[in-house]
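This report concerns only the one structure given below.
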Amino acid sequence: MPELPEVETIVNDLKKVLPGLKIRDVWTDLKKLPKNIKKEVVGRKILKVERRGKNILIHLDKSLTLLVHQKMTGHLLYGKWQKKNGAWQSAIPGPLRDPENRFIHLIFFLSNGWQLALCDMRKFAKVVILATEKIPEEFRNIGPDPFDKGLSFVEFKKIVRGKSGKIKIVLMDQSVIAGIGNIYSDEILWLAGVHPLKPAQKLKEEEIKNIYKAIKQILNKAIKARGSSYIDYRDAFGRKGNYQKMHYAYQQTGKKCKKKDNGIIKKIRIAGRSAHFCPTHQKL
DNA sequence: TGCAGTGTTGCTTC
DNA sequence: CGAAGCAACACTGC
């Protein structure tokens with residue numbers, strides 16, 4: 001489930017290999033992909049790769065941008081594949097042959113003989129080509145990045161206090177702050193010591209401050225660990241991340257709280273999704 | 001064996 | 001208007 005740390009990892013990987021290459025051809029079996037994609041991108045040169053929230057932007061020449069949102073099970077891979085018995089198989093041994101990397105649904109063939117592929121078991125990912133100038137409009141509903149210099153505590157407090165609803169839901173709201181999903185909202189609230197069901201408007205100044213600090217601490221730690229590979233996530237070279245080994249709360253149901261407060265991690269459902277927390281130090 | 005669980009986003013419904 | 005539910009989809013595990 002690629003959230004900010006996973007997208008950041010993939011984007012950093014792709015930054016090392018893609019710029020300067022040209023797209024020579026495109027293959028896909030996705031039905032809902034815009035039909036013009038192939039026509040638009042073939043012959044284009046890749047200039048720059050960047051992240052916006054959980055979105056990946058691949059800037060091309062002729063003022064075009066390829067926008068990829070990996071949604072739940074999508075991840076971009078850089079490698080070489082060949083068709084064998086009707087299925088794409090990695091031509092290179094190693095992590096790309098991990099079974100989680102076998103759901104190849106889109107391939108960009110590059111000018112150096114390598115390929116950029118979208119692996120996406122559930123085919124939820126969004127891939128669109130748009131004029132670079134349309135990006136602000138595309139992202140009109142996306143909030144600041146947690147690492148934006150402009151996002152001071154005062155600003156963050158104002159945003160959070162202005163939202164109704166439970167704090168976990170507010171943290172996952174991409175229009176509030178961009179990049180946090182189910183895994184990291186659990187992790188952030190555990191570290192901040194705030195109950196996921198607490199209404200955002202009822203948070204004390206100190207609690208908001210703890211959340212504000214926890215966001216950066218958790219996300220930085222997860223980026224260093226190259227993201228969470230709870231199930232399917234892999235980096236651009238097909239390798240697992242390591243943050244799932246350090247989870248405090250997410251999927252830790254029944255385990256002892258790592259704060260050593262005798263709490264046992266509990267799992268509840270909030271708005272149809274799982275939430276994990278320690279009832280001892282995360283009080284309502 | 002069949003069905004619940006897995007989570008992101010946007011759309012629909014109330 | 002806001003909150004809740006669901007569809008898009010495929011595979012795993014109980």
Side-chain angles (χ1 to χ4, degrees), chain A residues 1-8 10-11 28-34 51-57 67-76 86-88 98-106 117-128 130 137-143 145-146 159-189 196-202 219 222 227-234 240-241 243-244 247 249-254 265-277:
Chain A
M1 298 112 241
E3 300 178 30
L4 188 148
E6 292 77 29
V7 180
E8 178 78 8
I10 286 192
V11 164
T28 187
D29 65 353
L30 297 170
K31 301 275 182 288
K32 59 180 179 192
L33 213 65
R51 179 185 63 74
R52 187 78 206 279
K54 302 177 194 172
N55 295 273
I56 298 171
L57 295 171
L67 165 63
V68 179
H69 192 303
Q70 309 180 111
K71 296 282 179 83
M72 291 174 61
T73 58
H75 51 270
L76 289 176
W88 291 99
D98 181 326
E100 293 294 344
N101 294 325
R102 74 186 190 275
F103 309 97
I104 304 292
H105 291 293
L106 171 65
L118 174 70
C119 172
D120 188 12
M121 182 183 80
R122 292 175 71 175
K123 299 197 272 191
F124 281 7
K126 163 176 151 183
V127 180
V128 290
L130 71 170
E137 191 187 319
E138 183 77 18
F139 290 148
R140 66 193 180 280
N141 290 327
I142 254 189
D145 195 272
I159 299 172
V160 170
R161 285 262 170 84
K163 280 291 186 181
S164 66
K166 301 154 182 92
I167 184 59
K168 178 173 167 78
I169 304 299
V170 171
L171 283 179
M172 290 193 295
D173 183 339
Q174 300 304 295
S175 69
V176 171
I177 186 163
I180 298 169
N182 209 30
I183 296 175
Y184 295 104
S185 56
D186 276 358
E187 295 292 294
I188 288 162
L189 290 174
L197 287 173
K198 194 141 191 174
Q201 287 168 333
K202 284 193 178 169
L219 295 180
S228 292
S229 291
Y230 165 57
I231 303 176
D232 51 273
Y233 169 73
R234 297 295 182 271
K240 279 185 172 193
Y243 189 72
Q244 71 281 2
H247 283 172
Y250 183 76
Q251 290 295 345
Q252 303 302 301
T253 315
I265 302 297
K266 198 177 162 189
K267 177 175 173 174
I268 56 173
R269 287 198 88 75
I270 305 177
R273 49 227 311 177
S274 65
H276 312 75
F277 69 102

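Computed from a predicted structure; not experimentally measured. All chains are named by letter (A, B, ...) in the order of the sequence lines, taking the proteins before the strands, and each is independently numbered beginning at 1.
- Take A:His247 and apply the side-chain hydrogen bond (donor to acceptor under 3.5 Å, both in side chains) test, not counting sequence neighbours, and it matches A:Ser228.
- With sequence neighbours left out, the salt bridge (charged side-chain N to carboxylate O under 4.0 Å, His left out) criterion links A:Glu8 to A:Arg51.
- For the P atoms, the distance from C:dC6 to B:dA4 is 12 Å, rounded to whole Å.
- Taking the C1' atoms as reference points, B:dT6 lies 23 Å from C:dA3, given to the whole Å.
- Applying the salt bridge (charged side-chain N to carboxylate O under 4.0 Å, His left out) rule to A:Lys126 yields the partners A:Glu138; only residues at least two apart in sequence or on another chain are considered.
- Using modelled atom types, one finds no donor on one side chain facing an acceptor on the other under 3.5 Å when comparing A:Lys267 with A:Ser274.
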Which protein N or O atoms sit under 3.5 Å from an N or O of nucleotides 12-14 of chain B?
none

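- The aromatic ring centroids of A:Tyr243 and A:Tyr184 lie less than 6.0 Å from each other.
- By the side-chain hydrogen bond (donor to acceptor under 3.5 Å, both in side chains) test, A:Lys54 is found to be paired with no residue, residues two or more places apart in sequence or in another chain being considered.
- Residues passing the salt bridge (charged side-chain N to carboxylate O under 4.0 Å, His left out) test with A:Asp98 are A:Arg234, sequence neighbours excluded.
- With sequence neighbours excluded, the residues satisfying salt bridge (charged side-chain N to carboxylate O under 4.0 Å, His left out) with A:Lys163 are A:Asp173.
- Nucleotides B:dT9 and C:dT12 place their C1' atoms 23 Å apart, quoted to the nearest Å.
- With hydrogens and angles left out, the side-chain atoms of A:His276 and A:Asp186 include a donor and acceptor closer than 3.5 Å.
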Strand DNA chain B as a dot-bracket string - pairs counted if Watson-Crick or G-U with both distances under 3.5 Å, | where the partner lies in another strand
.|||||.|||||||
How does protein contact run along nucleotides 7-14 of chain C, one letter per nucleotide 5' to 3', with B for base contact, S for sugar-phosphate only, - for none, heavy atoms under 4.0 Å?
-BBBSS--
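- Checked against side-chain hydrogen bond (donor to acceptor under 3.5 Å, both in side chains), A:Gln70 has no partners two or more places apart in sequence or in another chain.
- Nucleotides C:dA8 and B:dG2 have their P atoms positioned 22 Å apart, rounded to a whole Å.
- Under the rule for a side-chain hydrogen bond (donor to acceptor under 3.5 Å, both in side chains), the partners of A:Thr73 that lie at least two apart in sequence or sit in another chain are A:Asp120.
- Interface residues of residues 159-169 of chain A facing DNA chain B, ordered by number: none; criterion, heavy-atom separation under 4.0 Å.
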